[in-house]
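Convention: sequence-line order gives letters A, B, ...; per-chain numbering from 1. The model shown is predicted, which means the values in this text are computed figures rather than measured ones.
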Amino acid sequence: KENFAGHQVLRISAADEAQVQKVKELEDLEHLQLDFWRGPTHPGAPIDVRVPFPSLQAVKIFLEAHGIGYTTMIEDVQALLDEEQEQMFALRA
Amino acid sequence: WARSSDTFNYATYHTLEEIYGFLDLLVAEHPQLVSKLQIGSSYEGRPIYVLKFSTGGSNRPAIWIDTGIHSREWVTQASGVWFAKKITQDYGQDPTLTAILDSLDIFLEIVTNPDGFAFTHSKNRMWRKTRSLTEGSSCVGVDPNRNWDAGFGLPGASSNPCSETYHGKFANSEVEVKSIVDFVKNHGNIKAFISIHSYSQLLMYPYGYTEEAAPDRDELDQVAKSAVTALTSLYGTKFEYGSIIKTIYQASGTTVDWTYSQGIKYSFTFELRDTGRYGFLLPASQIVPTAQETWLALRIIMEHTLNHPY
């Protein structure tokens with residue numbers, strides 16, 4: 001079963017069209033294995049992206065280097081998944 | 001396993017087997033109102049089931065609702081289960097729903113992507129697409145919401161099999177999509193088609209593949225506004241509404257662009273909540289509130305369909 005330990009979900013706030021385009025550049029970098037939960041659309045609309053642990057530093061440096069704001073929406077995806085599974089099995093039990 | 005639909009737990013996520021077991025429970029408890037149709041089999045051979053809610057007649061005008069076409073959007077399948085129970089509870093109680101079902105049939109496909117859904121439970125909770133293999137690629141699956149024959153392959157989908165929005169080799173290449181296409185064409189009398197996704201709190205109507213306004217845009221916008229107002233009235237969940245391309249982005253080969261092109265005027269796509277910071281991992285405690293608020297919007301669309309025959 002795929003493990004998402006260390007994966008984070010970043011909520012990116014692109015302030016203008018240029019920043020939206022910058023984030024779209026990230027989308028094309030397949031080696032980063034980014035999973036856009038909410039894709040880049042228009043300035044002001046939240047962009048949510050799941051970032052595998054190995055890509056985290058590179059992505060954060062890229063965003064900071066271009067002055068693109070972001071917050072960490074989910075600190076550790078696997079922790080939430082574990083909670084979800086526990087809840088399912090607890091109720092089933 | 002729940003012994004009845006009354007003891008089934010709607011406030012937790014369930015496996016494919018549990019949801020399919022629920023379908024049988026509901027049919028057994030309401031044989032006069034509910035029947036289970038198999039409209040096809042998935043790529044990996046799983047049955048694709050649709051619940052039919054009907055109070056009689058033959059080939060009546062109908063409303064189609066589907067959930068779970070993107071398998072990781074678990075709150076949608078869970079909401080679909082809740083809708084199914086709600087319909088059986090409210091028929092004969094809620095005058096609006098009773099009037100709807102006395103004239104129209106309702107078709108509800110809860111697990112529209114069974115292979116992907118099973119995979120989210122067994123191997124990868126984040127899986128979105130189908131599980132079909134693409135010749136010449138090691139990547140698996142097609143985005144079933146880019147595979148429809150409406151603007152297929154235009155900008156707003158990817159031709160890369162490794163992309164989450166890969167449109168597939170040709171329109172309707174995915175049996176999960178083709179099964180619905182065949183059902184809709186054979187039925188021929190579907191008047192509203194509502195495809196439910198999550199997340200980002202949106203209610204959208206065609207088009208996604210072109211900036212051109214749909215001929216019925218004004219009416220669809222009005223219905224969407226009323227539906228969103230009803231939804232928000234329950235828990236204050238904020239929704240935006242509009243055409244797909246204006247509300248989020250250009251998306252080609254989408255379900256409702258195809259259904260609209262088939263003459264199904266009331267074609268809508270929902271993106272249900274996450275109001276906070278969970279995204280696709282919405283806690284199970286939010287399943288019922290999400291389903292309840294969405295139901296209010298569905299009732300508005302269904303009632304409008306009933307009152308505006310075409």
Within the structure provided, determine whether B/Lys123 and A/Glu2 are in side-chain contact (heavy-atom separation under 4.5 Å). no
Which region of A/Glu84, side chain (C-beta onward) or backbone (N, CA, C, O), has a non-hydrogen atom less than 4.5 Å from a non-hydrogen atom of chain B, or is it both or neither? side chain
Return the CG to CZ distance between A/Asp35 and B/Phe280, rounded to the nearest 0.5 Å. 7.0 Å
Exercise: identify the closest heavy-atom pair between A/Leu81 and B/Arg125: CD2-CG, 3.2 Å
Name the region of A/Pro46, side chain, backbone, both or neither, that has any atom closer than 4.5 Å to a heavy atom of chain B. neither
A quick test of your reading: do over 12 heavy atoms of other residues, nucleotides or ligands sit less than 6.0 Å from CD of B/Glu240? no
What parts of residues 68-75 of chain A touch chain B if we use heavy atoms and a cut-off under 4.5 Å? A/Met73, A/Ile74
Distance, nearest 0.5 Å, that separates OG1 of A/Thr41 from CD1 of B/Ile248: 8.0 Å
Strictly less than 4.5 Å between heavy atoms, which residues of residues 160-168 of chain B line up against chain A? Please order them by number. B/Asn160, B/Cys162, B/Glu164
A/Glu83: partners by side-chain hydrogen bond (donor to acceptor under 3.5 Å, both in side chains), with sequence neighbours left out: none
I need the contact set between residues 7-20 of chain B and chain A: heavy-atom distance under 4.5 Å, sorted by residue number. B/Asn9, B/Ala11, B/Thr12, B/Tyr13, B/His14, B/Thr15, B/Glu18
Sort out for me which of B/Gln250, B/Met126, B/His121, B/Arg128 touches chain A most, counting heavy-atom pairs under 4.5 Å. B/Met126
Structural part of A/Phe4 lying under 4.5 Å from a heavy atom of chain B: side chain
Against chain A, label B/Tyr199 side chain, backbone, both or neither, depending on which of its atoms sit under 4.5 Å from a heavy atom there. both
Heavy-atom distances under 4.5 Å only: say whether B/Arg72 touches chain A with side chain, backbone, both or neither. side chain
Around atom NZ of B/Lys225, are there more than 12 heavy atoms from other residues, nucleotides or ligands closer than 6.0 Å? no
Heavy-atom count check: over 12 atoms from other residues, nucleotides or ligands less than 6.0 Å from A/Glu17 CD? yes
Applying a strict 4.5 Å limit to non-hydrogen atoms, the region of A/Glu30 in contact with chain B is side chain
Other residues, nucleotides, ligands: >12 heavy atoms within 6.0 Å of B/Lys238 NZ: no
Is it the backbone or the side chain of B/Trp127 that comes under 4.5 Å from a heavy atom of chain A, or both, or neither? neither
Nearest 0.5 angstrom please: A/Arg50 CZ to B/Leu281 CG, how far? 9.5 Å
Other residues, nucleotides, ligands: >12 heavy atoms within 6.0 Å of B/Tyr235 OH: yes
